[in-house]
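Worksheet: the structure to be examined is printed underneath.
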There are 2 protein chains.
Amino acid sequence: CSSAPDWHSLTLNLHTVEGVWPLPQAFTSSTERYPLNPQAFYFGYGRQSAAQQGCSVLDSAFRRYFSLIFPDYTDGVDALSNLLPVCVLDNLSVSAGQASLKAETVWGALRGDYNQYILKDMYKQRVNKSYFINKTEIEDFPRFQFRGILLDTSRHYLPVQAILKTLDAMAYSKFNVFHWHIVDDPSFPYQSSSFPDLSSKGAFHPMTHIYTQSDVRRVISHARLWGIRVLPEFDSPGHTTSWGKGQPGLLTPCYNGGTPSGTFGPVNPALPSTYQFMARLFKEVSSVFPDSYIHLGGDEVDFSCWKSNPDVRAFMQKMGFGSDFTKLEAFYMENIVNITSALNKTSIVWQDVFDYHERIPKDTVLHIWKGIPAKYQEELSRITKAGMRVLLAAPWYINHISYGQDWRNYYTVQPQNFSGTEEQKKLVIGGEVCMWGEYVDATNLSPRLWPRASAAAERLWSDEKQTSNVDKAFPRLQDFRCKLLRRGIQAEPLYVGHCKHEYQGV
Amino acid sequence: CSSAPDWHSLTLNLHTVEGVWPLPQAFTSSTERYPLNPQAFYFGYGRQSAAQQGCSVLDSAFRRYFSLIFPDYTDGVDALSNLLPVCVLDNLSVSAGQASLKAETVWGALRGDYNQYILKDMYKQRVNKSYFINKTEIEDFPRFQFRGILLDTSRHYLPVQAILKTLDAMAYSKFNVFHWHIVDDPSFPYQSSSFPDLSSKGAFHPMTHIYTQSDVRRVISHARLWGIRVLPEFDSPGHTTSWGKGQPGLLTPCYNGGTPSGTFGPVNPALPSTYQFMARLFKEVSSVFPDSYIHLGGDEVDFSCWKSNPDVRAFMQKMGFGSDFTKLEAFYMENIVNITSALNKTSIVWQDVFDYHERIPKDTVLHIWKGIPAKYQEELSRITKAGMRVLLAAPWYINHISYGQDWRNYYTVQPQNFSGTEEQKKLVIGGEVCMWGEYVDATNLSPRLWPRASAAAERLWSDEKQTSNVDKAFPRLQDFRCKLLRRGIQAEPLYVGHCKHEYQGV
């Protein structure tokens with residue numbers, strides 16, 4: 001077949017390698033190659049491995065990767081558990097008759113995408129239905145521990161299927177945190193067992209546009225099998241309009257002149273009932289979402305409604321806040337953080353909280369979203385100077401689309417290039433690609449996310465020096481995008497060209 | 001069910017009507033309503049109608065519309081041809097026991113989207129599995145005769161399935177021309193029976209990335225059943241890099257100093273063989289594509305390669321063109337236009353041709369693509385002043401995306417608002433939404449086109465005075481977008497909100 005490249009003409013330059021993305025930290029390969037026989041190929045656990053058969057995360061990863069490696073041999077998957085181990089967890093190499101992968105944790109082993117690293121991209125060639133693999137050594141680890149994607153299921157409802165598909169695609173780019181911005185002003189799709197009215201009255205539709213407890217469990221368990229943590233966000237005291245429908249008395253009644261206007265503002269911070277409600281809600285949420293982190297929001301609080309309300313003003317006086325509403329906001333957030341701390345959760349909050357909150361717990365993570373497109377470095381510098389950990393989202397607001405190759409902007413971000421000490425740089429725990437939902441639902445989510453988000457993924461995983469050239473990255477990302485298509489992800493093209501296997505349309 | 005609106009509270013304000021798009025020219029409806037029984041409902045031909053059973057276009061339209069109207073009663077479709085006529089072609093009204101539609105041509109009858117006008121949008125309410133329709137009178141006709149969409153299958157290959165799906169969606173917005181920009185520099189996917197090497201050497205892949213004769217027939221016949229004409233474009237002399245691979249000697253060899261550089265420029269206008277080839281190709285194309293129009297391109301010709309070539313320069317001298325390469329270009333285009341005129345085709349060319357071509361045939365249509373975003377009015381004025389017919393594309397380059405509601409820009413275009421006489425205004429035969437393919441393939445085509453292209457569709461169909469308010473149009477377009485989803489079109493959201501039936505993702 002004319003499109004099959006000549007084996008011997010392949011160079012081992014990583015940047016030209018078919019679709020290895022993100023780039024591993026260290027990689028050597030020889031021209032020595034071995035045949036792979038799908039009938040005899042199998043994954044297994046090394047004798048010295050602490051993980052053994054029965055480790056559900058790896059068992060299911062083996063099945064998935066087998067199908068990805070040999071798409072035409074899906075029958076083999078069913079027989080998989082009866083086969084003997086070949087892939088052992090005590091070193092990291094491909095040599096005759098054996099490929100092995102060593103990892104300190106199960107999650108690390110999972111991240112060592114077998115298809116991406118050990119087989120497909122290391123020159124596996126399929127010629128006349130036979131497979132080959134080169135002798136190869138890889139050492140790999142992530143640059144940042146937190147590599148997230150935010151989906152917004154309040155501005156538009158995303159069917160569970162669309163979320164699961166996104167989790168698959170996330171794993172292919174080594175993202176490891178799904179930040180679920182699950183509720184916001186427009187709708188409250190989370191079906192709470194403690195407060196069922198929140199969704200029955202606050203969702204777009206009480207039956208078809210909600211996430212049941214079982215939906216949430218499904219998302220979490222699917223994410224877990226891909227080594228992805230699920231970080232729920234219940235943003236307050238602003239961004240809560242939809243909460244008010246199912247929880248009367250929660251939001252602040254706004255006043256016009258001396259009388260209630262009929263509209264509502266942020267959560268009412270002046271009532272004890274507010275904190276009782278929040279304590280109960282977060283107790284439920286903390287148990288439903290097992291991750292040790294929780295996102296509490298805290299962004300964009302509009303003070304005008306609080307200012308208009310006489311009860312809130314009276315509370316300000318009583319508390320000695322004078323007319324400084326940031327103190328009221330700080331008081332509110334402190335209470336919420338205390339509630340979740342007592343539930344053994346580490347809080348993440350939007351950076352706004354840093355600006356008005358002096359007594360913020362030291363383990364809180366500040367989420368940087370301001371300073372787009374260029375001034376976020378100042379924010380990073382300022383907040384890490386106070387010794388706080390930060391998570392960078394500002395340059396990766398991927399819902400903002402523009403014509404052309406805007407992935408280049410996401411790729412060239414330098415998350416640690418700001419004025420500060422080495423200690424400050426280490427406080428950057430990672431980054432997050434945010435897909436806000438004003439103009440996005442299941443119809444356009446996948447092509448808007450992929451492969452644009454993959455550009456950020458390489459920045460968060462790979463060595464910055466090795467991946468500083470955006471033009472060199474381009475053909476590799478194009479190849480990787482074709483691989484995403486092949487894996488069933490509706491990833492859009494980067495520029496003129498084609499993939500061997502095109503998306504066939506609906 | 002709480003989401004079912006109260007029948008009696010519905011207003012008859014067209015702008016608030018559920019998803020009628022584009023707006024009809026005249027519409028009156030009373031509150032009198034009639035039940036619709038899917039078991040007894042059927043379409044038929046009026047006794048006075050010239051079209052009768054056996055008219056394949058209407059027969060198949062009846063089947064399609066039945067399914068759209070009663071999605072739960074698809075069984076009924078099979079029995080359809082045995083039923084007696086109810087929908088007759090001799091007047092235009094909905095009254096007790098009968099809905100009728102009168103049209104001068106079969107194509108007009110087809111455009112009278114039964115679902116859109118007669119049933120679904122005129123307050124058909126489904127309550128407890130029963131359907132109703134209001135007593136209604138509609139008079140409707142298009143503002144412009146040419147309402148096109150351009151798809152570019154050269155920069156990316158679009159699988160036939162994606163094209164067919166686009167034709168469906170086009171019909172829902174009353175587009176009536178599919179401008180198939182089938183070949184260009186990057187690839188030549190059209191499989192020519194006269195010159196099979198053009199695709200076997202010029203396509204991205206000679207088997208998987210081509211349109212066979214049978215594919216083309218399928219597209220044309222599918223389009224015909226929707227009342228959509230297929231206008232093929234074989235753009236030359238520029239934009240032809242891919243042609244050169246399968247047709248050696250066609251393109252101009254570029255020179256560097258005194259020797260050929262190995263690269264090629266536009267089609268070589270100095271050789272008789274060029275015109276022999278073109279005559280044979282266009283003879284085939286004219287017969288494969290039965291439409292009376294053909295698009296010959298003629299845009300963006302770069303003279304530098306022609307200038308470098310000594311044979312081309314000698315030809316210039318021989319022809320007395322001096323050093324004016326626009327004369328050479330005009331000579332070339334005249335020859336091509338003569339070839340297609342002899343085949344009884346009317347030519348459409350990009351506006352560039354007007355600028356260098358004095359003896360352009362009067363029936364040629366000039367396609368306006370320059371002057372984005374605001375100066376196309378000057379181009380319209382200048383070209384219609386010469387008495388030429390024009391087709392407006394410039395403000396509808398829909399491949400150019402930006403963040404937010406850019407459909408508003410497409411909606412507020414005024415195609416006849418330029419300096420000129422009434423006669424000049426009449427020379428605007430319509431408009432075209434262009435989806436160029438640099439960044440578009442089957443993964444993102446549908447959500448980028450819909451419902452953004454629908455905004456242009458209303459401008460091309462409806463009365464401008466009745467549809468001048470973009471804010472009033474917004475909720476109606478939102479409803480229409482939900483209808484597109486319901487009809488299986490992956491149309492993206494316009495803003496925060498939801499549809500009853502969401503796209504479920506892959």
Side-chain angles (χ1 to χ4, degrees), chain A residues 1-3 154-166 184-187 189 203-206 208-209 397 399-405 437-448 450 481 484-485 488-506, chain B residues 2-3 154-166 184-187 189 203-209 397 399-405 437-448 450 481 484-485 488-506:
Chain A
C1 162
S2 66
S3 70
S154 173
R155 289 177 177 84
H156 285 98
Y157 177 79
L158 295 172
V160 172
Q161 209 46 250
I163 295 175
L164 300 182
K165 196 81 183 175
T166 302
D184 203 303
D185 287 325
S187 75
F204 284 133
H205 187 282
T208 58
H209 288 64
Y397 264 38
N399 54 307
H400 291 142
I401 53 169
S402 60
Y403 187 63
Q405 296 197 31
E438 281 85 349
Y439 303 101
V440 175
D441 69 5
T443 62
N444 56 0
L445 174 64
S446 281
R448 283 199 185 195
W450 311 109
R481 179 254 166 177
L484 289 176
L485 278 194
I489 306 302
Q490 202 178 329
E492 69 180 15
L494 293 167
Y495 195 56
V496 174
H498 78 291
C499 294
K500 206 165 165 182
H501 302 276
E502 301 285 2
Y503 179 75
Q504 289 301 310
V506 218
Chain B
S2 66
S3 70
S154 173
R155 290 176 177 84
H156 284 98
Y157 177 79
L158 294 172
V160 172
Q161 208 45 250
I163 296 176
L164 300 181
K165 196 81 185 177
T166 302
D184 203 305
D185 287 325
S187 76
F204 284 132
H205 187 280
M207 296 300 289
T208 57
H209 287 65
Y397 264 39
N399 54 308
H400 291 143
I401 53 169
S402 60
Y403 187 63
Q405 296 196 32
E438 282 85 349
Y439 303 101
V440 174
D441 70 4
T443 62
N444 56 1
L445 174 64
S446 281
R448 282 198 187 196
W450 312 109
R481 179 253 166 177
L484 289 176
L485 277 194
I489 306 302
Q490 202 178 329
E492 69 180 15
L494 293 167
Y495 195 56
V496 174
H498 78 291
C499 294
K500 207 165 164 181
H501 301 276
E502 301 285 1
Y503 179 74
Q504 289 300 311
V506 214

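So that the names make sense, note that chain A is the first sequence line, chain B the second, and so on, each numbered from 1.
- Contacts between A/His209 and chain B at a heavy-atom distance below 4.5 Å involve the side chain alone, from C-beta outward.
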Legend entry - Derivation and outcome, side chain to side chain contact (heavy atoms under 4.5 Å, CB included), residues A/Gln490 and B/Gln490: CA-CA 12 Å; A/Gln490 202 178 329; B/Gln490 202 178 329; 3.3 Å; yes
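- Contacts between A/Leu485 and chain B at a heavy-atom distance below 4.5 Å involve the side chain alone, from C-beta outward.
- Annotation for B/Tyr495 and A/His156: closest pair O-NE2, 2.8 Å, computed over non-hydrogen atoms.
- Comparing A/Gly404, A/Pro493, A/Pro447 by how many heavy-atom pairs each has under 4.5 Å with chain B, the most go to A/Pro493.
- Here the CG-SG distance, from A/Asp441 to B/Cys499, works out to 7.5 Å after rounding to the nearest 0.5 Å.
- Heavy atoms only, all atoms of each residue included: A/Thr443 and B/Tyr503 are closest at CG2-CB, 3.5 Å.
- Between A/His498 and B/Tyr157, a ring centre-to-centre spacing not shorter than 6.0 Å is recorded.
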Legend entry - Check against side chain to side chain contact (heavy atoms under 4.5 Å, CB included), A/Glu492 and B/Tyr439: CA-CA 8 Å; A/Glu492 69 180 15; B/Tyr439 303 101; over 6 Å; no
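- For B/Val440, the part lying near chain A is the backbone, with the side chain staying farther off; criterion is any non-hydrogen pair under 4.5 Å.
- At a 4.5 Å heavy-atom cutoff, the contact between A/Asn399 and chain B is made by backbone and side-chain atoms alike.
- The structure places CD of A/Glu502 at 7.5 Å from OG1 of B/Thr208, a figure rounded to the nearest 0.5 Å.
- In this structure, the portions of B/Glu438 lying under 4.5 Å from any heavy atom of chain A include both its backbone and its side chain.
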